[in-house]
Participant: 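One structure coming up, written as structure tokens, with questions to follow.
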Protein chains: 2
Amino acid sequence: MLSKKTKYGLKALTYLAKVEGRQPVQIAEIAKCENISQKFLESILLTLRRNGLLGSKKGKGGGYYLIKEPHEVQMTTVMRVLEGPIAMVPCVSLNFYEKCEDCPDEGECSVHKLMLQVRDSALDVYRNNTLADLL
Amino acid sequence: MLSKKTKYGLKALTYLAKVEGRQPVQIAEIAKCENISQKFLESILLTLRRNGLLGSKKGKGGGYYLIKEPHEVQMTTVMRVLEGPIAMVPCVSLNFYEKCEDCPDEGECSVHKLMLQVRDSALDVYRNNTLADLL
DNA sequence: CGATAATCTACTAAAACTATAGGGTAAAAG
DNA sequence: CTTTTACCCTATAGTTTTAGTAGATTATCG
């Protein structure tokens, strides 16, 4: 299941991608237009900023804005920041690899075999989509 | 993230697929060999039986066994039974469709667009893998 | 029949995660 | 110096996951 965090984050990003000239947009405006709990969105935008996807400006006329152009923002990055590892199992994760405790031999593991394919196919989709493709 | 339920279920299925002549295998044996909590596995095997993937036999010499041949067991079915919907969002689910409350227009939704592709690619993998392919 | 071996059922509970709310701080603008 | 906005920390209700406990039920075998 996709978490609401990711869902809301994606919606916010596309909202900001549509804004002319990368003007800062207030949290409240995004929250209202996209039907998102404002407080929740606040923390989501914060993590997007901390991970280099958004910039922010405080005070009057402030808000959040996209740092890169939409076509430069790959979904692989967005998903990793919001949802975490793309792999469904740590033992097939590229960026968050971890060995399974229970599994004696990865090469023989059926779960490993299947999830490797699932990861690759998902990665394929995310690599072929930028923020611009979702508008 | 793949739930342990699904992970264990898959391991149990492949274990049973390797058994000669579809002989019943006891829960305890599978649990021990695959490092799975026996009681947890018990409930997993039960749902696999209720969904027509396994058969069971009580009493001495009893246990669980595959009903179909491994190459007849599609991963699409297994995943739906164990993990639930393949889609990451209800609004792109084939078997469990549900409209999003917040989203006014699905056709315009960026999340919808992306998750549709992810679902299709995952479906592609699951449809092209049977239990036999994981051995 | 009666003992044994197994699945089946239901209830409970700890732990982790998700989504959200509250309240206060810091910086920028006017 | 006041307003406006992002920033930060904490708490909490709710749900899901991952089991554990206790016993009922059914089949087999001697």
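Chain identifiers are assigned alphabetically (A, B, ...) following the order of the sequence lines, protein sequences preceding nucleic acid strands; residue numbering begins at 1 within each chain. On a predicted model such as this, the values are computed, not experimentally measured, just so you know. These values consider heavy atoms only, across backbone and side chains, with no hydrogens, waters or symmetry-generated copies.
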Participant: Quick test: give all pairs of protein nitrogen or oxygen and nucleotides 15-22 of chain C nitrogen or oxygen below 3.5 Å, distance rounded to 0.1 Å.
Facilitator:
unit_1 : atom_1 : unit_2  : atom_2 : d
C:dA19 : OP1    : A:Lys4  : N      : 3.0
C:dA19 : OP2    : A:Lys4  : N      : 3.3
C:dA21 : OP2    : A:Ser37 : OG     : 3.1
C:dG22 : O6     : A:Lys39 : NZ     : 3.4

Participant: Between A:Lys32 and A:Glu29 (salt bridge meaning N to carboxylate O under 4.0 Å), is one present in this structure?
Facilitator: no
Participant: Of all residues at least two apart in sequence or in a different chain, which pass the side chain to side chain donor-acceptor pair (under 3.5 Å) check with B:Thr76?
Facilitator: none
Participant: Give, for atom NZ of A:Lys4 and atom OG of A:Ser37, the distance between the pair rounded to the nearest 0.5 Å.
Facilitator: 9.5 Å
Participant: Please list, in numerical order, the residues of residues 13-31 of chain A that have a heavy atom closer than 4.0 Å to any atom of DNA chain C.
Facilitator: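 When residues 13-31 of chain A is checked for heavy atoms under 4.0 Å from DNA chain C, there are no hits whatsoever.
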Participant: Say you draw a straight line from SG of B:Cys109 to CG of B:Asp102; how long is it, rounded to the nearest 0.5 Å?
Facilitator: 7.5 Å
Participant: Determine whether A:Leu82 and A:Tyr65 fall in the same hydrophobic cluster, where Ile, Leu, Val, Met, Phe, Trp and Tyr are linked whenever their side-chain heavy atoms lie under 4.5 Å apart.
Facilitator: no
Participant: Any donor-acceptor pair under 3.5 Å linking the side chain of B:Arg119 with the backbone of B:Val92?
Facilitator: yes
Participant: Output yes when a side-chain donor or acceptor of B:Asn51 lies under 3.5 Å from a complementary backbone atom of B:Leu53, and no otherwise.
Facilitator: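 No; zero donor-acceptor contacts below 3.5 Å.
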Participant: Does B:Leu46 have any side-chain contact (heavy atoms from CB on, under 4.5 Å) partners at least two apart in sequence or in another chain, and if so, which?
Facilitator: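 Scan of B:Leu46 (side-chain contact (heavy atoms from CB on, under 4.5 Å), adjacent residues dropped) gives B:Arg50, B:Tyr64.
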Participant: Could you run down the sub-3.5 Å N/O contacts of the protein with nucleotides 10-12 of chain D?
Facilitator:
none

Participant: Find every protein N or O atom lying less than 3.5 Å from an N or O atom of nucleotides 26-30 of chain C, and list the pairs.
Facilitator:
unit_1 : atom_1 : unit_2  : atom_2 : d
C:dA27 : O4'    : A:Lys58 : NZ     : 3.4

Participant: Distance check needed: D:dG20 C1' versus B:Ile44 CD1, whole Å only.
Facilitator: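 About 14 Å, once rounded to whole Å.
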Participant: Specify the separation, in whole Å, of atom CG of A:Leu41 and atom C1' of D:dA6.
Facilitator: 12 Å
Participant: Quick test of your reading: applying ring-ring contact (aromatic ring centres under 6.0 Å, His included), list the pairs with at least one residue in residues 4-43 of chain A, sequence neighbours left out, ordered by first then second residue.
Facilitator: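 Passing the test, one end in residues 4-43 of chain A: A:Tyr8-A:Phe40.
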Participant: Starting at OG of B:Ser121, measure out to CG of A:Leu123 and round the result to the nearest 0.5 Å.
Facilitator: 10.0 Å
Participant: Give the residues of residues 46-53 of chain A touching DNA chain D, defined as any heavy atom closer than 4.0 Å, sorted by residue number.
Facilitator: A:Leu46, A:Arg49, A:Arg50
Participant: If you draw a 6.0 Å radius around NZ in B:Lys68, do more than 12 non-hydrogen atoms from other residues or ligands fall strictly inside?
Facilitator: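 Not more than 12 within 6.0 Å, no.
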Participant: Just to be sure I understand the geometry, which residues of residues 75-103 of chain B put a non-hydrogen atom under 4.0 Å away from DNA chain D?
Facilitator: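 Residues of residues 75-103 of chain B that come under 4.0 Å of DNA chain D do not exist, since none gets that close.
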Participant: Going by the rule side chain to side chain donor-acceptor pair (under 3.5 Å), which residues pair with A:Ser3 if we only count those two or more places apart in sequence or in a different chain?
Facilitator: A:Thr6, A:Glu83
Participant: Under 4.5 Å between side-chain heavy atoms, counting indirect links through other Ile/Leu/Val/Met/Phe/Trp/Tyr residues: same cluster for B:Leu13 and A:Leu116 or not?
Facilitator: yes
Participant: For residues 19-26 of chain B, run the donor-acceptor check on the side chains, cut-off 3.5 Å, and write out each pair with its distance to 0.1 Å, sequence neighbours left out.
Facilitator:
unit_1  : atom_1 : unit_2  : atom_2 : d
B:Arg22 : NE     : B:Glu69 : OE2    : 3.4
B:Arg22 : NH1    : B:Leu16 : O      : 3.4
B:Arg22 : NH1    : B:Val19 : O      : 3.0
B:Arg22 : NH2    : B:Glu69 : OE1    : 3.4

Participant: Looking at B:Ser43, is its backbone amide N or carbonyl O close enough to the side chain of B:Lys39 to form a donor-acceptor pair, meaning the two atoms are under 3.5 Å apart?
Facilitator: no
Participant: Looking only at atom types and distance, does a side-chain atom of A:Thr14 sit under 3.5 Å from a main-chain N or O of A:Leu10, one as donor and one as acceptor?
Facilitator: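 Answer holds: yes.
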Participant: Just list the side-chain donor-acceptor pairs under 3.5 Å for residues 126-135 of chain B, sequence neighbours left out, or say none.
Facilitator:
unit_1   : atom_1 : unit_2   : atom_2 : d
B:Asn128 : ND2    : B:Asp124 : O      : 2.8
B:Asn129 : OD1    : A:Gln117 : NE2    : 3.4
B:Asn129 : ND2    : A:Gln117 : OE1    : 2.8
B:Asn129 : ND2    : B:Val125 : O      : 3.0
B:Thr130 : OG1    : B:Ala132 : N      : 3.2
B:Thr130 : OG1    : B:Asp133 : OD2    : 3.2
B:Asp133 : OD2    : B:Thr130 : N      : 2.7

